[in-house]
Amino acid sequence: MLDKKVSELLNTQINKEFYSAYLYLDFANYYKDQGLDGFANWYNVQAQEERDHAMLFIQYLQNNSEQISLESIAKPDKVFDAFDQPLHASLEHERYVTSLIHNIYDAAYTVKDFRTMQFLDWFVKEQGEEEKNAEDLIRKFDLFGHDSKSLYMLDSELAARVYAAPSLVL
């Protein structure tokens with residue numbers, strides 16, 4: 001059995017990951033409504049990744065005979081009036097998720113829960129990649145997003161992104 005606090009934090013993270021998927025689906029819908037199908041695709045893939053992250057937390061808790069507590073998922077409440085706003089909201093959200101992962105890691109470290117720490121190592125690395133991807137997308141938009149031809153090319157580039165299942169094996 002896991003430490004009670006660690007188990008609670010892992011359960012809470014399930015909800016946070018599903019919320020992330022909702023948030024990115026909301027971003028995808030915004031971009032689809034704006035005619036930017038490539039940006040929509042990028043965030044649809046992002047939503048799939050977040051859903052899989054939630055499932056990894058569920059599987060980890062199940063593998064450790066812990067109870068799963070599925071809570072309501074909040075509705076995203078962001079309203080956008082510029083193409084770059086979801087990009088900045090995404091970076092802010094990924095930094096928030098990184099802080100949540102670090103908090104769980106810290107709780108596991110405090111009770112010397114090395115198995116959970118090892119499980120979380122993948123997420124620590126993943127969050128570094130998520131933040132870098134969000135930063136790179138903002139940088140590309142800042143460089144190319146204000147010219148319609150360049151925006152079209154960036155949108156086409158993002159349309160090529162395909163989903164890849166997580167590489168974490170439990």
Side-chain angles (χ1 to χ4, degrees), residues 9-61 68-105 119-146 150-170:
L9 289 170
L10 289 166
N11 260 293
T12 299
Q13 193 62 31
I14 293 167
N15 182 273
K16 300 296 185 182
E17 297 292 341
F18 279 130
Y19 173 78
S20 296
Y22 268 37
L23 184 67
Y24 291 143
L25 286 173
D26 195 47
F27 292 2
N29 289 335
Y30 166 78
Y31 283 119
K32 188 74 171 171
D33 290 345
Q34 302 302 315
L36 292 170
D37 293 348
F39 282 81
N41 175 66
W42 202 90
Y43 279 108
N44 278 323
V45 170
Q46 202 62 20
Q48 289 177 290
E49 286 186 3
E50 301 303 339
R51 182 206 61 221
D52 283 352
H53 294 169
M55 297 306 294
L56 288 169
F57 280 99
I58 289 171
Q59 184 181 358
Y60 181 76
L61 286 168
I68 308 298
S69 176
L70 298 177
E71 302 296 330
S72 297
I73 301 169
K75 179 182 175 183
D77 61 356
K78 304 268 188 207
V79 177
F80 305 114
D81 56 14
F83 294 152
D84 66 333
Q85 289 176 341
L87 306 178
H88 289 281
S90 177
L91 177 57
E92 178 184 330
H93 182 73
E94 289 301 340
R95 287 176 175 161
Y96 169 67
V97 172
T98 297
S99 74
L100 296 172
I101 298 296
H102 289 176
N103 287 341
I104 303 168
Y105 202 103
F119 167 70
L120 291 172
D121 283 342
W122 184 87
F123 287 95
V124 170
K125 179 181 177 287
E126 176 71 7
Q127 282 309 120
E129 291 173 11
E130 297 286 10
E131 287 185 31
K132 172 115 174 55
N133 288 340
E135 289 169 352
D136 288 350
L137 196 47
I138 291 169
R139 189 172 298 110
K140 286 180 180 182
F141 186 86
D142 287 347
L143 286 170
F144 309 117
H146 303 287
S150 297
L151 179 61
Y152 177 80
M153 291 182 73
L154 179 57
D155 189 58
S156 297
E157 176 186 321
L158 297 178
R161 183 180 187 200
V162 294
Y163 172 72
S167 61
L168 179 63
V169 178
L170 299 179

Fill in the blank from the handout: Residues pairing under salt bridge (Lys or Arg N to Asp or Glu O under 4.0 Å) where one sits in residues 159-170, two or more places apart or in two chains, turn out to be Glu49-Arg161
Completion exercise
salt bridge (Lys or Arg N to Asp or Glu O under 4.0 Å) pairs touching residues 80-90, sequence neighbours excluded, are none
Could you work out, with side-chain hydrogen bond (donor to acceptor under 3.5 Å, both in side chains) as the rule, every residue matching [X], not counting sequence neighbours?
X      : value
Ser150 : Asp147
Glu129 : Lys125
Tyr60  : Thr116

Practice task
Dump the intermediate steps for side chain to side chain contact (heavy atoms under 4.5 Å, CB included) on Lys16 and Val97, then the final yes or no.
Solution key: CA-CA 8 Å; Lys16 300 296 185 182; Val97 172; 5.7 Å; no
Hey, are the side chains of [X] and [Y] touching, using non-hydrogen atoms and a 4.5 Å cut-off?
X      : Y      : value
Asp155 : Trp42  : no
Gln85  : Lys78  : no
Tyr105 : Asp121 : yes
Gln46  : Glu50  : yes
Asp142 : Ile138 : yes
Tyr43  : Leu23  : no

Listed partners of [X] passing side-chain contact (heavy atoms from CB on, under 4.5 Å), at least two apart:
X      : result
Met55  : Phe18, Ile58
Leu168 : Leu56, Phe119, Trp122, Phe123, Leu170
Ala160 : none
His146 : Phe141

If you look at every heavy atom in [X] and [Y], which pair is closest and at what distance?
X      : Y      : value
Ile104 : Leu10  : CG2-CD2, 3.8 Å
Ile101 : Val124 : CG2-CG2, 4.0 Å
Leu91  : Glu135 : CD1-CG, 3.7 Å

Practice task
Determine, using ring centers only, whether Phe27 and Phe80 are less than 6.0 Å apart.
Solution key: yes
What pairs of donor and acceptor atoms, side-chain ones from residues 31-38 against any protein atom, are under 3.5 angstrom apart with sequence neighbours left out?
{"unit_1": "Tyr31", "atom_1": "OH", "unit_2": "Phe83", "atom_2": "O", "d": "2.5"}
{"unit_1": "Lys32", "atom_1": "NZ", "unit_2": "Asp37", "atom_2": "OD1", "d": "3.4"}

Practice task
Please collect all side chain to side chain donor-acceptor pair (under 3.5 Å) contacts where either partner lies in residues 20-29, sequence neighbours excluded, each pair once.
Solution key: Ser20-His93, Tyr24-Ser90, Tyr24-Glu94
Practice task
Under the side chain to side chain contact (heavy atoms under 4.5 Å, CB included) rule, what do Phe57 and Leu120 come out as? Steps first, then yes or no, please.
Solution key: CA-CA 10 Å; Phe57 280 99; Leu120 291 172; 4.0 Å; yes
Problem - salt_bridge(Arg139, Asp136) N-O dist < 4.0 Å - result: yes
Could you go through residues 68-76 and list every donor-acceptor pair under 3.5 Å that involves a side-chain atom there, pairing it with any protein atom two or more places apart or in another chain?
{"unit_1": "Ser69", "atom_1": "OG", "unit_2": "Glu71", "atom_2": "OE2", "d": "2.7"}

Handout entry: Leu100/Thr12 under side chain to side chain contact (heavy atoms under 4.5 Å, CB included): CA gap, chis, key distance, verdict
Key = CA-CA 9 Å; Leu100 296 172; Thr12 299; over 6 Å; no
Practice task
Starting from the C-alpha separation in whole Å, work towards a yes-or-no answer on side chain to side chain donor-acceptor pair (under 3.5 Å) for Gln13 and Glu17.
Solution key: CA-CA 6 Å; Gln13 193 62 31; Glu17 297 292 341; 2.8 Å; yes
Exercise for the section: Mind checking the CD-OG1 spacing from Glu126 to Thr98? Nearest 0.5 Å is all I need. Expected result: 10.0 Å
